[in-house]
Each structure stands twice: as C-alpha cells, then as structure tokens.
**Student:** 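The structure under discussion is supplied below as structure tokens; questions concerning it will follow.
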Amino acid sequence: MGLKDARLRRVATGGVELCIAELGDAARPTVLLVHGYPDSKEVWSGVAERLADRFHVVLYDVRGHGASSAPQPLRGGFTLEKLTDDFLAVADAVSPDRPVHLVGHDWGSVQGWEFATVRRTEGRIASFTSMSGPSLDHFGHWIKKRMTRPTPRRAAQLLGQGAKSWYVYMLHTPVLPELAWRGPLGKQWPGMLQRLERLPADGYPTASLPSDAAHGAWLYRDNVRIRLRRPRPDAYAHAPVQLITPTGDSFLSERLYDDLEQWAPQLRRRTLDAKHWIPRTRPDQLASWIGEFVDAHEDRAGRAPGAVAPARAAARPDSVAGRHAERFGGRLVLVTGAASGIGRATAFAFAEAGARVVAVDRDAEGAARTAEMARLLGAPEAWGETADVGDEQAMEKLAAKVAAEYGVVDVLVNNAGIGLSGSFFDTTTEDWKKVLDVNLWGVIHGCRTFGRQMAERGQGGHIVNTASAAAWLPSRSLPAYSTSKAAVLMLSECLRAELADKSIGVSAICPGIVNTNITATTRFAGSDAAEERRKQERSSRLYGMRNFPPEKVAEAVLEAVVHNTAVVPVTPEAHATRWMARFTPRALRAVARREPRL
C-alpha cells in the first residue's frame, strides 16, 4: 500500500516544516489522520486510500518524522503544546473554514486527546477517533485513583499496565534508544513487526524509520513524566469521541479506558480482535468505522453540499444483535445461501449488529435484495455477490474479489445447502453428487479460500458451518443429506483443532426443523414430478406448523461466534437428538428404522 496519488505540500510552524499528503476531494469533509511512534504518515496508507472516495483525507508527518523536519534542539521540541500548534497549522491549511474529523493511533491518539481537550482547539474538531493511545491526563488520574484508593483488583490493573509499559522506561534512558534505533534495532524492526504483529510485507516501515524512532523518543521524554505527575483536572473532550480498542494490544490494557465516560461524555466504544498496529492489519475495518462516525457527526459540523448521511436502523439494546453491536460493528461478515431462509436471517442479524455484510447466493437477485435490506437494517455497507459454492474456481474468484474490494473476512458463515429425500437405492450417483457439491464441498471451498485468508492475515476470525440435527440422526429416508451434514460436523471439529493456534474459531450450527423454503426445493428421489410436488407441499405444511423461525438460528450463530462454541444444536428436537446420540444410540437407531410419514 502507498500514497502514490497523494498531493503533497509543506507547512511551516514553530520552527519546523511539516510534510502534508492529501487525497480525495477537498470540498468534502476532512478526515485528518495522525500517526504514532515510531511511525510516519505511511502507516495510514491503507486506511487513507479506502476513505478517499468519500472524504478529503489528510495525513502529515509529525515533526521529526518522515519528510517533516525536526526541531532544534530536540529537547523540549516535542511537547504537547508544540504538537498542538502543529495540528492547528495543518488544520488551518487544509480545512480553513470547516472543522476536521480527527483520527489518531498510538502517539497520534495521545496527541489527539490533547487536541480534543484543550480550549484553543474548540470548534476545529468535529469528531475524534482514538485507537491504542490514551490521554496522558486521563492516564495520570487513572494511576492516582489506583494508588490513593487501592483494592486488589486496582493493584492488579496497575501492575499489569506497568508491565506492559516497559518500553516507556527504556525510552527515557539517555542516548541508548537512539543508538539502538540507528543500529541493530532499526534494521530488525520490520521483520519483528511481521513476526509479532503479522504485518504484511508491503514496504512498511519506510526507510526513515531509524531517524523517526530516534527523534520520537523525545515524545516520551518531553511529556510522559510531567503529565502523569500533574494531570490536568479539566481534560474533558469537547468533541464526540469514538474509541477503538484492539483486544490483543501488547502495550495497553483495556482497563485504561474504564472511566473514560467521565472525560468524554459523547463516547462510542468499539473493540477489535487484533493487535496493536491496526492501521496496517485492519485498514478495511477502520475505514468503515471512521466513515460511519464521520457521517454520524457531519451534520453538526456542516455537511458538504450534496453529501447525505446514510440512514441506519439501530438494533434493540435487548436483542442479541443489540447486545453484541460493540463486538460486530464494522466487522466483515460473509454469508453463503443468503438469498433466503437461515442465510438471509443471519445476514440481517449481523447487519443489525452493525457488521459489513457480503450476501452470497446462486440467486443473484435474491443476494442483492438481502444486501439492500441489510443496509436498511444497520449494515454500514452490504454487498450482494453471486457464486455457486460447489464450484471451486468460482469460490476462489469470489474470495479474491472480496479481499481486494472489501477486505479479509472476519466471520465466514458457510450456510448454503440443499435438501434430498429418498432411500439409498432410489438416490442416483448424480443425486449424491449434487448434495455433496453444495452441502459438503461448498463448506470445504469456503473454509479453504476464506479460511486461508484469515490464517495468512494472522489476526484471528471465526468460521460458522451450518450442519443439521440430521448429522446425529440416522434416517432411511435421508441418507445423502444426513451424510453430508455429518461430514460438515466432523470437518468443523477438525478445523477447530487445526485453527485454534491461529485464533480462528470454528462452530457447527445444527438446526432441527426450521420454517424455511428448503422444503419447497428439496428433491424426493424415486418420485415422479406430481408425487414430488405433493411431498414438497406436505413437507412445507409440516415445517410451517412447527413454525420455528430462522431468526432464532441466526441469533444462535451470533452467540456461537461471541462465545466460540464448538457445536450448537438449535430447536428442542436438535437438543434431544444430540442427547440420544450420546446416551441412547440404540433407541436412535430404532427410530431410524421406522418408515417416515409426511
């Protein structure tokens, strides 16, 4: 990723010259991205390119980093007061008449908290998105509270963050950090990031890393001790704040933000299953959340002519989707068989939780309708895609397209399936092939193509495979269908074991009788056309009388992902069948010998 199409300019402020890069239409709302340590503006390239179609995106190298000049002398040249001067100079240059939407990562977020809480920036910030960087003032109060009013839990939190902050102590030592960064550490750092953070090998960090890191040590020396000892008592945010917390951050505890509502009354929280350097590892996710937050607050800042904020439906707080909106908001979820039934209900449930949804089905119109409704239900973005899950090449093309246009999938739901009823000798080889192609090979293709992308990204994920209560229930009338679902169940268990060390969960959902249209499309082997229609109609009536809605299965899917549950029976008969398979298999086999009656 790069900034090859960016427009560059330089701004003089406080004895330094800052290098600014701009993307997108300057008439649109301005999103200002501030990088952290030991980064340069290029850390944001993936996010910036994804936002540039909708916004005026601005990045700049913080003083002493990248193509910006360093203050002389270095000592005292990186105070938060001088960094605030730099921000105002950049904001005045790129957006003189309208407030900017500020986004910061790591030390860019530490700076952003300063910008969003000092009086002289009031009216210049429309919103602030913070990630992996606390306010030093809030941090100081957090420490004092745990030292003056200790409890065992607060002491543990203090010790835990103290251990995570080992690098802060190192950077306060004189000379040694500079020698390390300009020597062996600077050479080894890119490889370390790739191994520890699973950053893609795409030319980042840039060649300026050794000097960036050496200069940036003064960010810590000029600010950390003085602010932690004497935090400002009035460090209240004067703009809406979106907090994005990566749950796997090696440097910052999630507990640092426990009291944040006290300082940021207009606060929206997000969590992300990722490590520290999310601008590089999860640019698609961040671009979606940033864009959504900007849209939500652009009205009060003054919307650009012709720009319209998309309408979003909020999930009920007491619903499954509402309870897990923080978990799934902005995540990329792909659902196969999404044109109807369980697949469609699952796509809608993730949409209500704020996920970005890719609805996949052989039925192009049905997939498009699901995507359209998902957008109305709350998905920031939703797309309909056409693919035959049983076609390996089609699935590989789909996976490549999704990764290139939408990003790597966070949650994959292999739901597409077809029904087939008939005795073993009535079902032909072609019948078996059709069922296995969709019900089993479709799952295999999905897991292989999208699961590989998850594994290569190295940031975790989740795979949900729709099996069935039929996976436990032998049946003289469903040999092909039951066999395919039993195979899906075992495949899920095997993948769960294999992918656990990659932080990828795998769940098998096993519904019983659910009121969907699968009965209308189920083939009845050994029956002529008229008899098959009668059986389909009777099956549909039976499922309708049972009236277990697919929305209940969709809720079970969300819960399975949240709790990383291995096997999830849905409906009372599914639970009963699983219990019998475990404890009374002979009774289950006796049931299987009976001739089914519709």
Side-chain angles (χ1 to χ4, degrees), residues 1-12 17-36 39-63 65-69 86-87 89-98 100-106 108 126 129 131 190 193 199-209 212 277-295 298 303-307 330 332 356 380-381 383 400-408 457:
M1 297 179 185
L3 299 172
K4 58 184 181 299
D5 297 324
R7 306 181 297 277
L8 299 180
R9 70 160 91 174
R10 302 186 73 83
V11 170
E17 277 197 346
L18 303 178
C19 179
I20 301 173
E22 298 179 72
L23 295 167
D25 185 349
R28 294 177 177 176
T30 297
V31 177
L32 180 56
L33 307 171
V34 187
H35 68 79
D39 299 318
S40 59
K41 65 180 179 300
E42 282 75 17
V43 74
W44 287 113
S45 60
V47 176
E49 290 168 355
R50 287 167 168 81
L51 291 171
D53 288 342
R54 299 175 54 207
F55 304 108
H56 175 216
V57 182
V58 178
L59 317 84
Y60 70 96
D61 286 319
V62 172
R63 55 172 56 204
H65 295 69
S68 292
S69 62
D86 294 351
F87 161 72
V90 172
D92 289 344
V94 300
S95 184
D97 302 321
R98 299 175 63 188
V100 301
H101 295 273
L102 178 64
V103 181
H105 172 257
D106 189 83
T129 295
M131 55 193 85
L193 285 181
L199 263 65
D202 57 1
Y204 185 84
T206 62
S208 64
L209 169 68
D212 295 345
W277 262 274
I278 50 179
R280 300 306 293 177
T281 59
R282 306 302 290 275
D284 51 334
Q285 181 79 77
L286 298 186
S288 174
W289 278 341
I290 293 166
E292 183 181 354
F293 199 62
V294 170
D295 282 335
E298 184 53 24
R303 185 171 301 281
L332 184 60
R356 297 177 298 137
E381 298 163 285
W383 307 273
K401 179 181 181 182
V402 169
E405 298 184 9
Y406 316 135
V408 175
R457 179 179 65 183

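Heavy atoms only: backbone and side chains are in, while hydrogens, waters and symmetry mates are out.
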**Student:** Given side chains that start at C-beta, do those of Val11 and Ile20 come closer than 4.5 Å, heavy atoms only?
**Tutor:** yes
**Student:** Val100 vs Val90, test: side-chain contact (heavy atoms from CB on, under 4.5 Å). Steps then yes/no.
**Tutor:** CA-CA 10 Å; Val100 301; Val90 172; over 6 Å; no
**Student:** Quick one: does Leu102's side chain get under 4.5 Å of Val34's, heavy atoms only?
**Tutor:** yes
**Student:** Go through the structure and list residues passing side chain to side chain contact (heavy atoms under 4.5 Å, CB included) with Asp53, not counting sequence neighbours.
**Tutor:** none
**Student:** State whether the side chain of Arg280 and the backbone N or O of Pro205 hold a donor-acceptor pair below 3.5 Å, judged by distance alone.
**Tutor:** no
**Student:** Which atom names give the shortest non-hydrogen contact between Ala48 and Val57, and what distance separates them?
**Tutor:** CB-CG1, 3.8 Å
**Student:** Apply ring-ring contact (aromatic ring centres under 6.0 Å, His included) to Tyr406 and list each qualifying residue two or more places apart in sequence or on a separate chain.
**Tutor:** Trp383
**Student:** Looking at residues at least two apart in the chain, or sitting in another chain, which of them share a side chain to side chain donor-acceptor pair (under 3.5 Å) with His35?
**Tutor:** none
**Student:** Under the salt bridge (Lys or Arg N to Asp or Glu O under 4.0 Å) rule, collect the residues that match up with Arg9, sequence neighbours excluded.
**Tutor:** Glu22
**Student:** If you define the side chain from C-beta out and look only at heavy atoms, does anything of Arg356 sit under 4.5 Å from Asp284?
**Tutor:** yes
**Student:** Give me the atom names and distance for the closest heavy-atom approach of Arg10 to Ser69.
**Tutor:** NH2-N, 4.2 Å
**Student:** Which residues pass the side chain to side chain donor-acceptor pair (under 3.5 Å) test with Ser95, not counting sequence neighbours?
**Tutor:** none
**Student:** Kindly say whether Gly24 contributes a backbone atom to a donor-acceptor pair with the side chain of Arg7 at under 3.5 angstrom?
**Tutor:** yes
**Student:** Apply side chain to side chain contact (heavy atoms under 4.5 Å, CB included) to Thr129 and list each qualifying residue two or more places apart in sequence or on a separate chain.
**Tutor:** Val103, Met131, Gln242, Ile244, Ile290, Phe293
**Student:** Taking only residues two or more places apart in sequence or in another chain, which ones pass side chain to side chain donor-acceptor pair (under 3.5 Å) with Asp92?
**Tutor:** Arg124
**Student:** For Glu405, what residues pass the salt bridge (Lys or Arg N to Asp or Glu O under 4.0 Å) criterion, not counting sequence neighbours?
**Tutor:** none
**Student:** Any idea which heavy atoms bring Ala21 and Leu8 closest together, and the distance?
**Tutor:** CB-CD2, 3.7 Å
**Student:** Got a second to check how far Tyr204's OH is from Trp44's CH2, nearest 0.5 Å?
**Tutor:** 10.5 Å
**Student:** Testing the basics here: between Gly291 and Leu51, what is the closest heavy-atom pair and its distance to 0.1 Å?
**Tutor:** N-CD2, 4.1 Å
**Student:** Can you measure from CD (Glu42) to OG1 (Thr206) and round to the nearest 0.5 angstrom?
**Tutor:** 5.5 Å
**Student:** With a 4.5 Å limit on heavy-atom distance, are the side chains of Leu33 and Pro279 in contact?
**Tutor:** no
**Student:** Okay, side chain of Ser68, backbone of Cys19: is any donor-acceptor separation there less than 3.5 Å?
**Tutor:** yes
**Student:** For Trp277, what residues pass the side chain to side chain donor-acceptor pair (under 3.5 Å) criterion, not counting sequence neighbours?
**Tutor:** Asp39
**Student:** Can a salt bridge be assigned to the pair Arg28 and Glu298 using a cut-off of 4.0 Å between side-chain N and carboxylate O?
**Tutor:** no
**Student:** I'd like to check the salt bridge (Lys or Arg N to Asp or Glu O under 4.0 Å) partners of Asp61; sequence neighbours left out, ordered by chain and number.
**Tutor:** Lys41
**Student:** Name all residues meeting the ring-ring contact (aromatic ring centres under 6.0 Å, His included) criterion together with Phe55; count only those two or more places apart in sequence or in a different chain, and write none if there are none.
**Tutor:** none
**Student:** Just by modelled atom types, is the Leu3 backbone N or O under 3.5 Å from a matching donor or acceptor in the Ser45 side chain?
**Tutor:** no
**Student:** Shortest non-hydrogen contact from Leu332 to Gly407?
**Tutor:** CD2-O, 3.3 Å
**Student:** Using every non-hydrogen atom in the two residues, find where Asp212 and Ser40 come nearest and quote the distance to one decimal.
**Tutor:** OD2-CB, 3.9 Å
**Student:** Are the side chains of Ser208 and His65 in touch, meaning some heavy atoms are under 4.5 Å apart?
**Tutor:** no
**Student:** Going by distance alone, is a donor N or O of one side chain under 3.5 Å from an acceptor N or O of the other, for Thr30 and His56?
**Tutor:** yes
